[in-house]
2 protein chains.
Amino acid sequence: MSSTHTHSKKSQILTKNQRIVLDLLQNSGEPLKAYFILDSLKKEGLNSPLQVYRALDKLVELGKIHKIESINSFIICNNSNCASNTAFTICERCGKVKEIKNKNLTDGVSDLVKDNQLEITRYNLEFYVLCKSCKIN
Amino acid sequence: MSSTHTHSKKSQILTKNQRIVLDLLQNSGEPLKAYFILDSLKKEGLNSPLQVYRALDKLVELGKIHKIESINSFIICNNSNCASNTAFTICERCGKVKEIKNKNLTDGVSDLVKDNQLEITRYNLEFYVLCKSCKIN
DNA sequence: ATTACGTATGTAATAATATAACACTTAGAG
DNA sequence: CTCTAAGTGTTATATTATTACATACGTAAT
């Protein structure tokens, strides 16, 4: 074990395509669609959908981004250790998405899951809301 | 029209396309994809994707079926009054989907939502699990 | 009974989202 | 150095969903 690392340095480093896709999502902070990412990164050398989807798949697998299923979009993960569990609010009026950081909520869901004897490997929670600014206007 | 009956409230009656799509989902009990529904109902007179999507949209709106976002599929609602709130388990191995009827879970989620001052109009919860039969084998 | 209106229908075309197949490259482990 | 796992680049294609437009049909108001 100590002499032989099964985890190579390579596996911890993002490849170029993974890097530029992650950077774009990081800088945006908003959910982006795969083909928007493709268009945005044409100048960086991304030419085909598959290049984008492969990078996205890997980043999701690494827990660095999440897919928001109901809007076919990807967003940077802003929790340090949310694993593959996700919880979002999506404004029904303006479409704004926020990842829920509230520990009470996610802990509560975990408890409910335990109480109900569900063996969950991961979950995806999408809450449709009317966000503050939309509520005012 | 072969019969003379006049329904008092047309708005509560499903149209032919809505009916046959609902019947198929009802009989199946499983989540079905739009284009599978289209293929299955060719003999009933459905010819285009749009006819299917229009029926599905209406049925979702009426709360008679749900869309399971992460698998782009539609399933009959087996709760009498779940409104537009949905909670499913999806087996990661065999893909089997079950609507969660557990009142504790859904009530709990509602409480959590209240406690965390989220104003939710509806929600969509997708729990990925290893189902009983897949756990055994 | 006729009109106006909202909703549904049928059809063709196309947009948006995602994957398959294949040949090639690269980096690290042994 | 060589083997292998992972990533790349590219073309083509599959899957999912919507736009646009013309037509039909039931209901309520006139």
Side-chain angles (χ1 to χ4, degrees), chain A residues 1-23 25 31-62 64-75 95, chain B residues 1-25 31-62 64-75 95 124:
Chain A
M1 274 298 263
S2 53
S3 61
T4 309
H5 296 279
T6 50
H7 291 194
S8 63
K9 196 180 182 189
K10 172 183 157 186
S11 66
Q12 297 168 359
I13 298 175
L14 298 180
T15 65
K16 181 204 154 214
N17 288 354
Q18 290 159 12
R19 183 81 257 158
I20 61 176
V21 169
L22 182 62
D23 285 348
L25 286 166
L32 302 181
K33 286 167 173 282
Y35 277 73
F36 175 88
I37 293 171
L38 175 58
D39 287 343
S40 302
L41 297 177
K42 280 263 167 68
K43 53 184 172 303
E44 312 287 340
L46 281 195
N47 294 308
S48 81
L50 196 44
Q51 293 175 300
V52 175
Y53 281 109
R54 284 196 285 225
L56 290 171
D57 285 349
K58 190 64 184 181
L59 293 170
V60 166
E61 188 189 321
L62 295 173
K64 296 192 177 298
I65 66 172
H66 300 302
K67 179 172 188 181
I68 305 171
E69 298 287 352
S70 63
I71 55 174
N72 300 314
S73 299
F74 299 84
I75 192 169
Chain B
M1 294 280 275
S2 52
S3 74
T4 58
H5 65 263
T6 313
H7 294 288
S8 50
K9 293 199 174 180
K10 169 71 178 173
S11 63
Q12 295 175 355
I13 299 175
L14 298 180
T15 66
K16 181 204 154 215
N17 288 354
Q18 291 159 11
R19 183 81 255 159
I20 61 177
V21 169
L22 182 62
D23 284 349
L24 181 63
L25 286 166
L32 302 181
K33 286 168 172 283
Y35 277 72
F36 175 89
I37 293 171
L38 175 57
D39 287 342
S40 302
L41 297 178
K42 279 265 167 69
K43 52 183 173 301
E44 312 287 339
L46 280 194
N47 295 307
S48 82
L50 193 46
Q51 293 175 301
V52 175
Y53 282 108
R54 284 198 284 226
L56 289 170
D57 286 350
K58 189 64 184 182
L59 292 170
V60 166
E61 187 189 323
L62 294 174
K64 296 192 176 298
I65 67 173
H66 300 302
K67 179 171 189 181
I68 305 171
E69 298 288 353
S70 62
I71 54 174
N72 299 314
S73 299
F74 299 84
I75 192 170
N124 172 49

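Throughout, protein chains are lettered first and strands after them, A, B, ... in sequence-line order, and every chain is numbered starting at 1. Atom set for the values below is all heavy atoms of this structure, side chains included, hydrogens, waters and symmetry mates excluded.
Nearest to the side-chain atoms of B/K67 among the listed nucleotides D/dA17, C/dA18, C/dT9 stands D/dA17. Looking at the side chain of B/Q51, the nearest of the listed nucleotides C/dG10, C/dT19, D/dA17 is C/dG10. Set against D/dA17, C/dA8, D/dG9, the side chain of B/P49 has D/dA17 as its closest nucleotide. Among the nucleotides C/dA18, C/dT11, D/dA17, the one closest to any side-chain atom of A/A34 is C/dA18.
Straight-line distance from the CG atom of A/N72 to the C1' atom of D/dT15: 12 Å, rounded to whole Å. Computed from coordinates, the A/L46 CG to D/dG7 C1' distance equals 13 Å when rounded to whole Å. Whole-Å rounding puts the B/R54 CZ to D/dA17 P distance at 16 Å. Residue A/I20 contributes atom CD1, which lies 15 Å from atom P of D/dG7 at whole-angstrom precision. The distance between atom CG of B/D39 and atom C1' of D/dA14, rounded to the nearest whole Å, is 13 Å. Note: CG (B/N47) to P (C/dT11) measures 5 Å, nearest angstrom. At whole-Å resolution of the value, CG in A/N17 and P in D/dG9 are 5 Å apart. Here C/dA12 presents its P atom at 13 Å from CG of B/L38, a figure rounded to the nearest Å.
Checking A/I71 against A/L50, the closest nucleotide of DNA chain C that is more toward the 5' end is the one next to A/I71. Remark on DNA chain C: of its neighbouring residues A/Y53 and B/K16, the 5'-side contact belongs to B/K16, judged by nearest-heavy-atom nucleotide.
Under the 3.5 Å distance criterion, the side-chain polar atoms of B/K33 are matched with a main-chain donor or acceptor of B/I71. Side chain of B/N47 to backbone of B/G45: a donor-acceptor contact under 3.5 angstrom is found. Proximity of a side-chain donor or acceptor of A/K67 to a complementary backbone N or O of A/D57 within less than 3.5 Å is not detected.
Among all heavy-atom pairs drawn from B/L22 and B/L14, the shortest one is CD2-CD1, 3.4 Å. For B/V52 against B/A34, the heavy-atom pair with the smallest separation is CG1-O, 3.6 Å.
In this structure, B/Y35 forms no aromatic stack with the base of D/dT15, since the conditions of centre separation below 5.5 Å and plane angle below 30° are not both met.
Contacts of A/S48 with the nucleic acid, taken as non-hydrogen atoms under 4.0 Å apart, include base atoms.
Note on A/T15: a side-chain N or O is less than 4.0 Å away from OP1 or OP2 of D/dT8.
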